[in-house]
Amino acid sequence: MYLTPDEEKLMNGERGPTYQKAIEILAALGDIYGADRLIPIKSTQIAGVSYKTIGDAGLEWISDLKGKVVVPSILNPAGMDLECWREMGISEEFSHKQQEIIRAYEALGVKTECSCTPYNIFDNLAGFGDHVAWSESSAISYANSVIGARTNREGGPSALSAALVGKTPNFGFHLDENRVPVISITVEPELHDSDYGALGYIVGAMIGDKVPVFELNSRPTKDDLKSLGAAMAASGAVALYHVKDVTPEADKYEMPHEEITIEEKQIQEIYKSQGSLEPDLIAFGCPHSSVPELENLARLLAGKKVKKETWICTSRAIKNGKPALIKRIEKSGAKVFCDTCMVVSPASEKFKCMMVNSGKAHKYAPNLCGVKSILASTEKCVETAVSG
Ligand code: F3S
């Protein structure tokens, strides 16, 4: 891969070992994937934040770096609510390590908002056609598919390297030819609410990392697309999808020859496949809840008290920006947590079974938290939370 004279200087260590390591990582990726050069990026979203997932080795790696990011950079969810961690049942020791990780990123100039929905917090991170380097799989999917920005599936280290250098190798989804859909998915039933997560759960497992184009029988909201993409990235490795007449690039392309049809009974099967499990945690906000999703929960919870532990995960910016809305939700006894989620926090591991309205959380809860999972509609989740 070609490096400019300035990039060569970084490679030769002229700005110190942190920038040298960063450009080495980017150049190695570029060489492996056949990139011609590095291209400027508008922002990064950096995974590898929860102490649960990166442990002491990750903390040490980040703490040793000396430099400053040169593009707006935001963190993925951490292992706890950075303020209300005691309420989550997080230990002092974990909290201490988690705060150290956050401080290490802060020292590098990374914004310490910890969210997988950065697009709901900052307007200027990614627009149509912008190149970015994001690393949380649902955020990647949303950036590529719903915003029409361009990102590969970055790991934490490659996103952080891109943040320090302000560039990423030009391959994969940065190039037009890799954004073309190769499989068309016709969805017969009209979808609502958690059905989009159920659809993503089914399709991701079927198509792996292919780029699909959907023909839907219903008009999805941005939150529906968020759920669909998150689930497809979890059960498969889909980083870009199109929805005919809905997403910004969909109508540029011919419908591909390879076709799949999804029927109503396949969606219903996902809800039914859970037998008679009894949830002891009801969890919303995977990906992090948006304002409309919080408003819906406030409406459903109005005048009711939860009888089961109920968590709603969102970003701190949204929680701080909507105090009256949060108060309405918390009046029911449901807990609104920020900076974290039910999957990346160890706090959910003490439960036996969580009920979720998210296809992604439904996929990950058993594997990453050791907790059984039930997928249900938002209404059904609230009904279960308040009925004890
Ligand atoms: Fe976000 Fe956690 Fe789900 S990072 S997408 S809420 S698993």
Side-chain angles (χ1 to χ4, degrees), residues 44-54 74-82 88 98 101-102 105 112-121 134-146 151 153-156 159 194 196-198 200-201 204 222-239 281-290 293-294 297 310-319 335-349 351 354-371 373 375 378 381:
T44 71
Q45 191 260 359
I46 302 168
V49 182
S50 173
Y51 180 62
K52 168 178 158 174
T53 50
I54 68 170
I74 182 169
L75 291 177
N76 205 42
M80 61 184 204
D81 186 308
L82 298 174
M88 299 187 84
Q98 185 63 72
I101 294 171
I102 300 297
Y105 277 118
T112 54
E113 275 290 352
C114 299
S115 180
C116 51
T117 59
Y119 44 84
N120 284 339
I121 306 175
W134 288 16
S135 55
E136 192 283 317
S137 65
S138 79
I140 292 165
S141 172
Y142 195 93
N144 273 326
S145 315
V146 184
T151 179
R153 299 170 64 223
E154 301 292 344
S194 55
Y196 285 93
Y201 187 96
K222 291 208 163 151
D223 284 324
D224 294 332
L225 296 172
K226 176 180 80 169
S227 303
L228 170 65
M232 270 194 295
S235 67
V238 176
L281 172 67
I282 316 296
F284 303 94
C286 173
H288 273 175
S289 296
S290 65
E293 287 172 324
L294 292 176
L297 285 168
T310 302
W311 294 359
I312 300 165
C313 302
T314 188
S315 64
R316 185 159 298 282
I318 287 184
K319 184 173 180 184
K335 296 171 183 166
V336 180
F337 290 125
C338 314
D339 320 310
T340 189
C341 77
M342 64 292 253
V343 171
V344 299
S345 174
S348 56
E349 291 166 7
F351 297 97
M354 65 170 95
M355 179 177 258
V356 293
N357 62 349
S358 153
K360 173 167 179 175
H362 182 51
K363 175 71 191 173
Y364 279 171
N367 302 340
L368 300 182
C369 312
V371 179
S373 163
L375 179 67
T378 306
C381 288

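Both ligands and their constituent atoms are indexed starting at 1 by order of listing.
Contacts of ligand 1 (protein heavy-atom distance under 4.0 Å) are Pro77, Cys116, Glu136, Ser138, Gly285, Cys286, Pro287, Cys341, Val343, Lys360.
Qualifying side chain to side chain contact (heavy atoms under 4.5 Å, CB included) partners for Ile54, counting only residues two or more places apart in sequence or in other chains: Ile62, Ile101. Under the side chain to side chain donor-acceptor pair (under 3.5 Å) criterion, Ser227 pairs with no residue at all, not counting sequence neighbours. Contacts of Gln98 classified as side chain to side chain donor-acceptor pair (under 3.5 Å), with partners at least two apart in sequence or in another chain: none.
Here the OG atom belonging to Ser290 is positioned 4.5 Å from the NZ atom belonging to Lys226, to the nearest 0.5 angstrom.
The backbone N or O of Ala47 lies less than 3.5 Å from a partner atom in the side chain of Ser135, making a donor-acceptor pair.
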inquiry  = Does Gln45 form a side-chain contact (heavy atoms from CB on, under 4.5 Å) with Asn76? I'd like the steps, not just the answer.
reply    = CA-CA 7 Å; Gln45 191 260 359; Asn76 205 42; 2.9 Å; yes

